[in-house]
Amino acid sequence: MPSLKDLKNRIGSVKNTRKITKAMQMVAAAKLRRAQDSAEAARPYAERMGAVIASLASGQGAGAPRLLAGNGRDQIHLLVVMTSERGLCGGFNSTIVRLARQRANELVAQGKTVKILTVGKKGREQLKRDWASAFVGHVDLSDVRRLGYSNAQGIAREVLAAFEAGEADVVTIFYNRFQSVISQVPTAQQVIPAKFEAAETNALYDYEPSEEAILADLLPRGVATQIFTALLENAASEQGARMSAMDNATRNAGDMINKLTIQYNRSRQAAITKELIEIISGAEAL
Amino acid sequence: MAATLQFDLVSPERRLASVQATEVQIPGAAGDMTAMQGHAPTITTLRPGILRAVSAEGTKAYVVTGGFAEISATGVSVLAERAVPLDEMDAKLMDQLVADASAASSVGVDKDTAEKAMSDLQAMKAAAGF
């Protein structure tokens, strides 16, 4: 049975914890709004890019660029696993890692080679135990205050270099698609060879310099754009996940305070009752 | 009032402009072109250069380092890799832009392409007045 003083201290410390989680929730909410805004701002570019590439790609026959058609093999799979740099965001990182691990196991079972490029510290830590030998690189975004297109370009450059050098045949990115504050969907998206939904080819365009040249120019950009979109979605998801995790934590701390307060009051009352009984029975004995 | 066309300039990070323009001067990869209403549908890649949009409010110029433009009879949408309004440009930003772009263009391309990109960048720098 904890003493009254212990209980009081407990209550005090849980109250402090609640303050912290509450503050973190507010910060996450503010950051979430910003992350959503930048995801929103990036959307027109990505959509237009996808549409143009899709309409160009649908007209391509056998001579399509390798980024579109693949290099004819699917032996080496590069998995780009995007996670967060910081923890305390609920199941955010675990869901991505679980999806990636599941895919990696499947691929290995099929006799394929798996390589992993991690973006964000948390995913690397979680994958380190089983897949350390598959690591080919790590992108550290912990110093990045605001995600820019150049971050995505950096990752895209690494991925493209690996593809060009024949060190990867299929590239898939793993990230959490933002749906709402309480729901983020872990998503695997294949970026090389590029997959685009076949678009309706509406207008007949003139191409300058040529259709092939434009497609060859656009495909690497398309990869970077997809990665950028994924990074932004991931950032928004992270803040969303953190917000709901901290909301839960705040609520749990509140429940705990209530429980402890009741316990505190009870034991205080018990102590008073005990004293009274002692006094009364002392008086009766006289 | 001259006939106008819808001009959109978007970069991966944000939408920079969306106005009704009377003409848009585009630094195309194969040469400059001006798009006005009724232009034949065209898709062109951009070289680093200055993009100008003439609208009722005057001419607005942007420094772009690459990307592509989609022109139709009623609108122009430019998807630029990096785009900065000319009046927000300063020498430091310009140098950084050139450095970034030349780093990006030196990967995975042959020597001729890389050299062309470099000379385009220098030309862009000169045209912007830095």
Side-chain angles (χ1 to χ4, degrees), chain A residues 37-53 55-56 67 146-154 156-165 201-229 231-232, chain B residues 6 8-18 26-33 35 39-48 64-84 96-97 99-110 112-113 116-117:
Chain A
D37 284 348
S38 41
E40 199 70 37
R43 202 156 295 152
Y45 184 88
E47 273 171 7
R48 195 57 65 84
M49 177 72 96
V52 170
I53 294 182
S55 81
L56 277 166
L67 277 174
R146 196 184 161 81
L147 278 171
Y149 187 59
S150 50
N151 301 123
Q153 272 180 317
R157 222 172 287 152
E158 250 177 75
V159 168
L160 289 170
F163 179 75
E164 291 296 330
T201 34
N202 35 15
L204 275 173
Y205 283 105
D206 283 341
Y207 295 100
E208 210 172 301
S210 69
E211 217 171 315
E212 290 74 27
I214 291 182
L215 194 56
D217 186 54
L218 283 192
L219 281 170
R221 284 169 212 250
V223 172
T225 308
Q226 278 180 307
I227 291 177
F228 186 54
T229 311
L231 279 177
L232 290 174
Chain B
Q6 176 64 31
D8 291 303
L9 175 61
V10 288
S11 76
E13 284 159 26
R14 64 195 173 116
R15 185 193 297 268
L16 280 110
S18 177
I26 299 163
D32 287 1
M33 59 167 85
H39 196 287
T42 306
I43 291 179
T44 178
T45 48
L46 303 181
R47 62 178 162 74
V64 294
T65 59
F68 69 99
E70 187 187 4
I71 304 165
S72 68
T74 54
V76 176
S77 42
V78 178
L79 277 73
E81 195 114 289
R82 287 282 293 273
V84 181
Q96 202 213 329
L97 215 61
D100 284 354
S102 50
S105 63
S106 61
V107 180
V109 294
D110 54 272
D112 280 357
T113 323
K116 168 135 180 17

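Chain A is the first sequence line, chain B the second, and so forth, proteins listed ahead of strands; every chain is numbered from 1.
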Could you grab the distance from atom [atom1] of [X] to atom [atom2] of [Y], nearest 0.5 Å is fine?
| X | Y | atom1 | atom2 | answer |
| --- | --- | --- | --- | --- |
| A/R221 | B/T45 | CZ | OG1 | 8.0 Å |
| B/R15 | A/R43 | CZ | CZ | 12.0 Å |
| A/Q153 | B/R82 | CD | CZ | 8.0 Å |
| B/T44 | A/Y207 | OG1 | OH | 12.0 Å |

Residue from B/T42, B/I43, B/L79 scoring the most non-hydrogen pairs under 4.5 Å with chain A is B/I43

For B/P12, the side chain to side chain contact (heavy atoms under 4.5 Å, CB included) test, sequence neighbours excluded, returns A/Y45, A/Y149, A/F228

Worksheet item: Mind checking what makes side chain to side chain contact (heavy atoms under 4.5 Å, CB included) contact with A/E158, not counting sequence neighbours?
Response: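 If we apply the side chain to side chain contact (heavy atoms under 4.5 Å, CB included) test to A/E158, skipping adjacent residues, the hits are A/L117, A/V139.
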
query = Quick one: does A/R48's side chain get under 4.5 Å of B/V10's, heavy atoms only?
reply = no

When every non-hydrogen atom of B/E13 is compared with those of A/A41, the smallest separation belongs to O-CB, 3.2 Å

Turns out that what part of A/L232 lies under 4.5 Å from chain B's heavy atoms comes down to neither

Query raised in the report: Per the side chain to side chain contact (heavy atoms under 4.5 Å, CB included) rule, which among A/I214, A/V52, A/D217 passes with B/F68?
Result: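 Single pass found, and it is A/V52.
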
